[in-house]
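Let me begin by presenting the structure, written as structure tokens, before commenting on it.
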Protein chains: 2
Amino acid sequence: MESTPVTPEQEPLETVERCAGADPEHPRPDGRDRYTISEVAAHTGLSAHTLRWYERIGLMPHVDRSHTGQRRFTNRDLDWLSLVGKLRLTGMPVADMVRYAELVRQGEHTFEERQALLEQTRRDVLGRIAELQGTLAVLDYKIDFYADARRASERAWA
Amino acid sequence: MESTPVTPEQEPLETVERCAGADPEHPRPDGRDRYTISEVAAHTGLSAHTLRWYERIGLMPHVDRSHTGQRRFTNRDLDWLSLVGKLRLTGMPVADMVRYAELVRQGEHTFEERQALLEQTRRDVLGRIAELQGTLAVLDYKIDFYADARRASERAWA
DNA sequence: TATGACCCTGAAGTGCACTCCAAGCAAGCG
DNA sequence: CGCTTGCTTGGAGTGCACTTCAGGGTCATA
């Protein structure tokens with residue numbers, strides 16, 4: 001018995017939060033729009049604990065509740081979590097994601113600041129990729145060294 | 001007054017630990033071979049605390065001491081730290097670096113395991129780069145969205 | 001209606017990689 | 001000689017991102 005009917009006019013939360021990060025490997029459980037916390041946990045790979053914690057620290061845009069107070073996540077929440085998952089993969093600290101969530105809550109006049117935040121993140125990601133590629137050079141150098149040394153010592157026994 | 005003369009025959013520690021990760025941006029302080037902890041901190045960017053901590057957890061191959069018990073790092077230590085720095089950039093956990101350091105201490109018969117460890121690290125780095133590139137797609141998508149939206153709203157005022 | 005799986009909360013705990021602290025020794029300088 | 005600066009130690013503290021706990025309430029099904 002779910003008391004709260006789906007309010008058709010929720011705050012906008014921008015279509016942009018909807019379409020990015022379509023996730024083909026975890027197909028959304030069919031046509032429903034109200035998921036329990038464990039369903040969302042299974043879908044996102046986050047633990048139920050983590051989902052509650054995200055909500056507490058302001059990283060979720062106000063999750064719906066059933067008449068008895070249990071969380072009921074919507075498809076919009078799933079979309080948001082998919083974006084959060086991507087931002088987490090960038091290495092963005094949680095505090096910055098909370099900041100971004102705040103900006104989204106504040107409406108369209110924060111577009112500029114949101115864009116700036118994502119552009120900074122983009123630069124960080126590019127830098128990190130470059131760093132990692134730098135480590136690959138050293139890794140390859142040393143892997144080759146060990147491979148050569150082992151080949152040489154085998155030849156010595158032949 | 002440095003008591004311990006530089007023992008010419010130290011344990012091998014393999015030439016490979018010497019040559020990888022030559023660091024052109026922090027030129028080594030000229031021809032010396034005995035550095036204080038703060039010199040090494042300045043050179044590596046690590047704090048003196050961290051250098052002591054590295055030693056305590058077994059991530060350093062036994063650092064030399066002056067007659068009064070102060071640490072005296074050698075060029076070999078600097079080389080090792082430069083490698084450790086690279087491994088740290090890969091995201092390798094400290095525990096794994098300690099494992100690698102143990103293998104180095106144990107001598108040449110651990111070449112195979114060392115190679116395997118670095119190859120696993122290499123795979124991890126490649127995976128991480130792919131992840132990051134995946135996030136770039138989402139970032140670019142959303143940055144474009146905000147840029148377009150802002151351009152559109154500017155046009156609306158014109 | 002009873003049972004077992006699921007959900008709720010606030011608070012405390014965990015693991016990682018440092019980072020800082022207190023108390024003390026040692027070297028160089030006026 | 002005193003002062004400052006730098007080094008030593010063991011142990012405690014920090015920040016982050018969860019994770020677990022204690023002590024309950026709720027839901028579906030037999």
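Rounded to an integer number of Å, the gap from A/F73 CZ to C/dC7 C1' is 11 Å. Between A/L51 atom CG and C/dC6 atom C1' the separation is 15 Å, expressed in whole Å. For the pair A/E55 CD and C/dC8 C1', the interatomic distance rounds to 11 Å; values are reported in whole Å. In this structure, B/I57 atom CD1 and C/dT19 atom C1' are separated by 14 Å, rounded to whole Å. Rounding to whole angstrom units, CG of residue A/L87 and P of D/dA17 are separated by 13 Å. For the pair A/R52 CZ and D/dT20 C1', the interatomic distance rounds to 12 Å; values are reported in whole Å. Note: CG (B/L46) to P (C/dC18) measures 8 Å, nearest angstrom.
Taking for each of A/M92 and B/I37 the nucleotide of DNA chain D with the nearest heavy atom, the 5'-most of the two is the partner of B/I37.
Proximity note for B/R56 (side chain, C-beta onward) versus D/dT19, D/dA17, D/dG10: the nearest is D/dG10. The side chain of B/W53 lies closest to C/dA17, out of D/dA17, C/dA17, C/dC6.
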Identify every side-chain donor-acceptor pair in residues 128-140 of chain A under 3.5 Å, counting partners at least two apart or on other chains, and give the distances.
unit_1, atom_1, unit_2, atom_2, d
A/R128, NH1, A/E131, OE1, 2.8
A/R128, NH1, B/L89, O, 3.0
A/R128, NH2, B/L89, O, 3.0
A/T135, OG1, A/L132, O, 2.6
A/D140, OD1, B/R122, NE, 2.4
A/D140, OD1, B/R122, NH2, 3.3
A/D140, OD2, B/R122, NH2, 3.3

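Listed by first and then second residue, the salt bridge (charged side-chain N to carboxylate O under 4.0 Å, His left out) pairs involving residues 89-100 of chain B are B/R99-B/E102, B/R99-B/E113 (not counting sequence neighbours).
Look at B/R65 and you won't find any side-chain N or O under 4.0 angstrom from OP1 or OP2 of C/dA26. Considering only side-chain N and O atoms, A/R71 lies nowhere under 4.0 angstrom from the phosphate OP1 or OP2 of C/dC6. Contact annotation: A/R72 does not reach the phosphate of C/dC8 (side-chain N/O to OP1 or OP2, under 4.0 Å). An OP1 or OP2 oxygen of D/dC7 is reached within less than 4.0 angstrom by a side-chain nitrogen or oxygen of B/T36. Dashed line: the shortest gap from a side-chain N or O of A/Y54 to OP1 or OP2 of D/dA17 is not under 4.0 Å.
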Pair A/W53-A/L59, side chain to side chain contact (heavy atoms under 4.5 Å, CB included): steps then yes or no: CA-CA 9 Å; A/W53 179 68; A/L59 192 45; 6.0 Å; no

Verdict with reasoning, A/Y100 to A/L118, per side chain to side chain contact (heavy atoms under 4.5 Å, CB included): CA-CA 9 Å; A/Y100 184 79; A/L118 296 185; 4.0 Å; yes

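Axis angle across the helix from C/dT1-D/dA30 to C/dG30-D/dC1, with five pairs used at each end and values rounded to 10°: 10°.
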Between the protein and nucleotides 21-26 of chain D, which nitrogen or oxygen pairs come in under 3.5 angstrom?
unit_1, atom_1, unit_2, atom_2, d
D/dT26, O3', A/T68, OG1, 3.4

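In this structure the side chain of A/V63 never reaches within 4.5 angstrom of the side chain of A/R72, judged on heavy atoms.
A donor-acceptor contact under 3.5 angstrom links the side chains of B/D77 and B/T74, judged on distance only.
Taking a cutoff of 4.0 Å between a charged side-chain nitrogen and a carboxylate oxygen, B/D64 and B/R71 do not qualify as a salt bridge.
Partner A/Y146 forms a side chain to side chain donor-acceptor pair (under 3.5 Å) with one of B/E112, B/R114, B/E108 and no other, that one being B/R114.
Taking the salt bridge (Lys or Arg N to Asp or Glu O under 4.0 Å) definition, one finds that A/R88 meets it with nothing, sequence neighbours left out. Among residues two or more places apart in sequence or in another chain, the salt bridge (Lys or Arg N to Asp or Glu O under 4.0 Å) test is passed with B/D144 by none.
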